[in-house]
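Reckoned from all heavy atoms, side chains included, excluding hydrogens, waters and symmetry mates. Since we're looking at a predicted model, the values are computed, not measured.
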Amino acid sequence: MYWFQMRNASKLLHHERALLVRWFSGDAQSSLNRNRDVWKTQFHESSTTRSVFEPASSFNKRSFGMQKRNISMATIKRGSIIGFGFNGEISRSQVLSRRCYASASDLPPHQEIGMPSLSPTMTEGNIARWLKKEGDKISPGEVLCEVETDKATVEMECMEEGYLAKIIRGDGAKEIKVGEVIAVTVEDEGDIAKFKDYQPSASEPSAAPAKEISAPPTPKKEEEVEEPGREPEPKVSKPSAPPSSGDRTFASPLARKLGEEKNVPLSSIKGTGPEGLIVKADIDDYLASGAKEVSASSKAKVATDAALDYTDIPVSQIRKVTASRLLLSKQTIPHYYLTVDTCVDKLTSLRTQLNSLQEASGGSRISVNDLVIKAAALALRKVPQCNSSWANDYIRQYNNVNINVAVQTDNGLFVPVIRDADKKGLSTIGEEVKQLAKKAKENSLKPQDYEGGTFTVSNLGGPFGVRQFCAIINPPQAGILAVGSSERRVVPGSGAEEFKFASFMSVTLSCDHRVIDGAIGAEWLKAFKGYIENPETMLL
C-alpha cells in the first residue's frame, strides 16, 4: 500500500514539474511581448537617474560616421541603454559607435567610437596619429585621426558636434580590432573631466565564455559514438596484452626518487642494472649529458649572436597584410607561367610621335607602361576568360576591365587601379597613373583608389632594368603580367645574308590554372603581342 502511494506521489511530482515548466515558458513569452511594448512608451528623466527609453527615430539626431542610423535593438545593462543601428550594408568608411546612458552614480551620457572598417579585407588597423586632443571641440567634417589600414592610411572624419573626452588608443597603437573602442565623446564640455580614468566595458569579450558554456554537450555525442566501438574489445586476443607490461619501467627506489626530483623521464633512460634496472648512476649520466648539450647549444647561440650585427625593423600593417596575401596566393593558387618576346620598335616610334603632339598641346608625356596597360586592357576585352576570378562553386567573369598597377614605395607595395582602362585614351591613362603613383608614395590612397581591380600589371623593366621575372598573382584575380626591359638584338633581315637590329621586350603572364587554361593564356598573350607590335590597332 505504501509502495503504491509513493509511486503515485512520484507521478504527481513529475506532473507538477511539467506544469511548472509550461508556466515559466508562458511567462517568459509574455515577458518578451511586454518588452517589445516598452519601446512604445517614453519615460520622463528623473533628477537622480537618467534611463531613457525612446523610439528608433530619436537616435537619428546624432551619428558618428553613419550616413543613416536606424536603431533596431537596445541592450539594457546596469541601468543604461546601448543602441546599435544598422541600415542594410554598412559603408566601408563608417565609424562604429554606440551611445551609452548611465545612472547618476555612474558616468554622464557619452558615445564610444570604435575602430572603423575601411576596406573589405580589413580586420584590424593602427592609429597613425591623432589630429585632435582630449578636450578639443569637434565639428562635422573635421579629421579626428589617421588610421593605417591593410591598404593605406585613411583619415577618419567626425560627423557630429561634441567634445573629445577620452582617447583610449593613442598615437601608434597597433593591431586594433575592428569595432574596438578607440575614443569617447560627450555633448557637454563639463563632462570631459569625468572620463579621465575611463575604460571601455568588456561587454564584447564576455560573449566568449557563453560559447564555451554551450560547447560541453558535444563531448557527450563523442562518448555516445565511442560506446558502440567498445563492443569489439572482447574479440581481441589476450596475447596482445604483454606489450603493455613491457612498457613498464623498472628502477631502483633511489633512482626513481632522484628522477622525480630532477624531472627526468625514466622511460627515456636505458638501465644498466640487472635485467635493465635503472640505477642512480644512470640518472647521473643522463643529467650530465643533458647539461653538456644545453651548455654547448647556449655557447653556440652566444657565439652566433656575438658574430652578427643586425637591426630589427618593425613591420608596418601594409607590409604585414601584403606578406600574408602573397603567401596565401602561392599556397592556394596553382600558378603557371607563359613568356613571350615582343618587338617594340613600332611601339617606340608611335610613342615618340604621340609625345611630340603632347608637348605641343601642353600635355604630359606618355610612357611605355601606359601603352602596356592599354594593350593589356584591350587583350582582356578580346579574351574575357582571363578577366575572371575563382569563386569555388563558379568562375566570375567581369564585364569591367580594371587594371591594377604595381607601385613600389618606402611604405610597401601598392596596387592602385585604373578603371575601365579599355575605354580610356592613352593620355588619360598616363595622367591617372601619375596621380595614383604620387598618392601611393605619399601614403594617401583612398579605398576607391585600389579596390575593384580585375587584372594586374607589374613593370620592373623600365625603372629597374630587369629583363624577365615571374610575378605572384594578386588574389582574387586570375592573372598578372610581369613586364621586363627591352633590349636590342640582331635578327635576320629580308635577304638571305641580311641582318638588322630590333628591340624586344620580354613579358611573362602568371595564370591561375583553375580559371585560365594553358591555351587560353597563350591566346591572351598572342592578342597582347599583336597590340604591342602593331600599336596603331590600339587607336582604332
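Shown here are the side chain to side chain contact (heavy atoms under 4.5 Å, CB included) partners of Ser503, two or more places apart in sequence or in another chain: Val344, Asp345, Arg488. With sequence neighbours excluded, the residues forming a side chain to side chain donor-acceptor pair (under 3.5 Å) with Lys132 are Glu142, listed by chain and number. With sequence neighbours left out, Ile167 forms a side chain to side chain contact (heavy atoms under 4.5 Å, CB included) with Trp130, Glu134, Leu164. Applying the side chain to side chain donor-acceptor pair (under 3.5 Å) rule to Ser316 yields no partners; only residues at least two apart in sequence or on another chain are considered. Evaluation of the side chain to side chain contact (heavy atoms under 4.5 Å, CB included) rule for Asn355 yields Arg351, Arg365, Ile366 as partners, not counting sequence neighbours. With sequence neighbours excluded, no residue forms a ring-ring contact (aromatic ring centres under 6.0 Å, His included) with Phe504. Listed by chain and residue number, nothing satisfies the side chain to side chain donor-acceptor pair (under 3.5 Å) test with Asn399 (two or more places apart in sequence, or in another chain). Checked against side chain to side chain contact (heavy atoms under 4.5 Å, CB included), Asn126 has the following partners two or more places apart in sequence or in another chain: Glu148, Lys174, Gln317.
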Enumerate donor-acceptor pairs with a distance under 3.5 Å from any side-chain N or O in residues 331-339 to protein atoms, sequence neighbours excluded.
residue: Thr332; atom: OG1; partner: Leu328; partner atom: O; Å: 2.5
residue: His335; atom: ND1; partner: Ile333; partner atom: O; Å: 2.9
residue: His335; atom: NE2; partner: Ile473; partner atom: N; Å: 3.2
residue: Tyr336; atom: OH; partner: Ile516; partner atom: O; Å: 3.0
residue: Tyr336; atom: OH; partner: Asp517; partner atom: O; Å: 2.8
residue: Tyr336; atom: OH; partner: Gly518; partner atom: N; Å: 3.3
residue: Tyr337; atom: OH; partner: Lys330; partner atom: NZ; Å: 3.1
residue: Thr339; atom: OG1; partner: Thr508; partner atom: OG1; Å: 3.0

Give every donor-acceptor pair under 3.5 Å between a side-chain atom in residues 435-448 and any protein atom, sequence neighbours left out.
residue: Lys439; atom: NZ; partner: Asp449; partner atom: OD2; Å: 2.7
residue: Asn443; atom: ND2; partner: Thr153; partner atom: OG1; Å: 2.7
residue: Ser444; atom: OG; partner: Lys439; partner atom: O; Å: 3.3

Donor-acceptor pairs under 3.5 Å, side chain of residues 405-418 to any protein atom, not counting sequence neighbours: which ones?
residue: Thr409; atom: OG1; partner: Asn411; partner atom: N; Å: 3.3
residue: Thr409; atom: OG1; partner: Gly412; partner atom: N; Å: 3.3
residue: Thr409; atom: OG1; partner: Gly412; partner atom: O; Å: 2.8

Under 3.5 Å, sequence neighbours excluded: what are the donor-acceptor pairs made by side chains of residues 456-463?
residue: Thr456; atom: OG1; partner: Gln477; partner atom: OE1; Å: 2.6
residue: Asn459; atom: OD1; partner: Gly461; partner atom: N; Å: 2.9
residue: Asn459; atom: OD1; partner: Gly462; partner atom: N; Å: 3.3
residue: Asn459; atom: ND2; partner: Asn369; partner atom: OD1; Å: 3.1

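Inter-residue side-chain proximity for Val321 and Thr149 is flagged as unmet; no heavy-atom pair is nearer than 4.5 Å. Taking the side chain as every heavy atom from C-beta outward, Ile168 and Glu112 never approach each other to under 4.5 Å. The closest side-chain heavy-atom distance from Lys382 to Leu380 is not below 4.5 Å. Glu187 is not listed as a side-chain neighbour of Pro109, based on a closest heavy-atom distance of 4.5 Å or more. For the pair Phe501 and Val490, the minimum side-chain heavy-atom distance is below 4.5 Å. Residues Asp512 and Trp390 form a side-chain contact, since some pair of their non-hydrogen atoms from C-beta on lies under 4.5 Å apart. When side chains are defined from C-beta on, Tyr163 does not count as touching Ile138, because their heavy atoms never get closer than 4.5 Å. In this structure, the side chains of Lys529 and Ile532 stay at 4.5 Å or more apart for every pair of heavy atoms.
Glu536 has no carboxylate O lying under 4.0 Å from a charged side-chain N of Lys346, or vice versa, which leaves the two without a salt bridge.
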Evaluation steps, side-chain hydrogen bond (donor to acceptor under 3.5 Å, both in side chains), between Asn400 and Asp420: CA-CA 6 Å; Asn400 302 94; Asp420 296 320; 3.2 Å; yes

Stepwise side-chain contact (heavy atoms from CB on, under 4.5 Å) check, Asp136 with Lys133: CA-CA 6 Å; Asp136 287 355; Lys133 302 186 297 294; 3.6 Å; yes

side-chain hydrogen bond (donor to acceptor under 3.5 Å, both in side chains) evaluation trace for Arg396 with Tyr398: CA-CA 6 Å; Arg396 175 168 294 172; Tyr398 300 101; 5.1 Å; no

CA sep, side-chain torsions, deciding dist, call: Glu432, Ile429, side-chain contact (heavy atoms from CB on, under 4.5 Å): CA-CA 5 Å; Glu432 290 190 13; Ile429 292 175; 6.0 Å; no

Arg129 vs Asp171, salt bridge (charged side-chain N to carboxylate O under 4.0 Å, His left out): CA-CA, chis, key distance, verdict: CA-CA 5 Å; Arg129 60 169 180 153; Asp171 294 350; over 6 Å; no

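For the pair Val491 and Ala502, the tightest heavy-atom approach, listed with the atom from each and the gap, is CG2-CB, 4.1 Å. Closest non-hydrogen pair, Glu533 versus Cys343, comes out as OE2-N, 3.0 Å. Considering all non-hydrogen atoms of both residues, Met505 and Val372 come closest at CE-CG2, 4.2 Å. Heavy atoms only, all atoms of each residue included: Ala379 and Ala527 are closest at CB-CB, 4.1 Å. Heavy atoms only, all atoms of each residue included: Leu347 and Met538 are closest at CD1-CE, 4.2 Å. Smallest separation of non-hydrogen atoms from Glu431 and Ser364: OE2-OG, 2.7 Å.
Side-chain contact annotation: Thr537 with Asn534, donor-acceptor N/O pair under 3.5 Å absent.
The aromatic rings of His110 and Phe195 lie perpendicular to each other, with more than 60° between the two planes, well past the 30° mark.
The 12-atom threshold is exceeded at NZ of Lys434, counting heavy atoms of other residues, nucleotides or ligands nearer than 6.0 Å. Heavy atoms from other residues, nucleotides or ligands lying under 6.0 Å from CG of Leu539 number more than 12. The neighbour count for Arg489 CZ, taken as heavy atoms of other residues, nucleotides or ligands under 6.0 Å away, is above 12.
If you take CG on Asn402 and CZ on Arg419, they are separated by 5.5 Å, rounding to the nearest 0.5 Å. If you take CD on Glu180 and CD on Glu175, they are separated by 10.5 Å, rounding to the nearest 0.5 Å. Remark: Glu157 CD to Leu131 CG distance equals 11.0 Å, nearest 0.5 Å. Interatomic distance, Ile373 CD1 to Leu481 CG, rounded to the nearest 0.5 Å: 10.5 Å. Taking OG of Ser139 as the start and CD of Glu160 as the end, the distance is 10.5 Å to the nearest 0.5 Å. To the nearest 0.5 Å, atoms CD1 (Ile520) and NE2 (His513) are separated by 11.0 Å.
Using a distance-only test at 3.5 Å, with no hydrogens or angles considered, a donor-acceptor pair links the side chain of Thr322 to the main chain of Ile318.
Judged by the 6.0 Å and 45° rule, Lys166 forms no cation-pi pair with Tyr198.
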